[in-house]
Amino acid sequence: MTGDLRIASRSEAEAFIELSEPLPVGTTVVVTVGDEPAFEARVLKVREDIAGRDDAAGMQVAIGAPPLAIARAAVKAEAEAEAAQAPAQAPGEAAPESETAQAPGEAAPEAAPASGE
């Protein structure tokens with residue numbers, strides 16, 4: 001990958017790389033910046049460029065992490081992202097209907113007969 005990137009923060013295990021077009025979660029990359037030694041990393045989390053926000057677009061990467069740790073971190077990041085996007089449900093409010101609910105104007109499915117009939 002070439003382009004304007006900057007390592008905004010880095011620890012021994014992770015780094016945040018500012019990049020205008022982040023790569024998909026799970027992608028393995030080799031990062032080289034200037035005269036610094038290259039390192040292999042896997043994308044854990046992506047932050048898109050959102051108008052009006054001061055946060056730079058980029059990606060959180062695991063540096064040299066074992067594949068299982070990377071997979072767990074990716075699953076956790078995905079669950080956190082979904083939870084952040086899900087609408088809040090007030091206490092006592094019914095949960096949304098499942099995807100198998102009937103469409104408006106569609107007949108309700110017939111109930112299966114009880115066994116032994």
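Count residues from 1 along the sequence.
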Any side-chain heavy atom of V25 within less than 4.5 Å of one from E78?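 No, side chains not in contact.
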
Identify the heavy atoms of [X] and [Y] that sit nearest to each other, and give their distance.
| X | Y | value |
| --- | --- | --- |
| E14 | A62 | CG-CA, 4.3 Å |
| V46 | P22 | CG1-CB, 3.5 Å |
| A57 | E48 | CB-C, 4.0 Å |
| V29 | L23 | CG1-CD1, 3.4 Å |
| L44 | A77 | O-CB, 3.5 Å |

Please say yes or no: joined through hydrophobic side-chain contacts below 4.5 Å, possibly via intermediate residues, are V31 and L19 part of one cluster? yes

So if you build clusters from Ile, Leu, Val, Met, Phe, Trp, Tyr with side-chain heavy-atom gaps below 4.5 Å, do V43 and I17 land together? yes

Here the gap from R47 atom CZ to E18 atom CD, rounded to the nearest 0.5 Å, amounts to 7.5 Å

Donor-acceptor contact below 3.5 Å, side chain R42 vs main chain T27: no

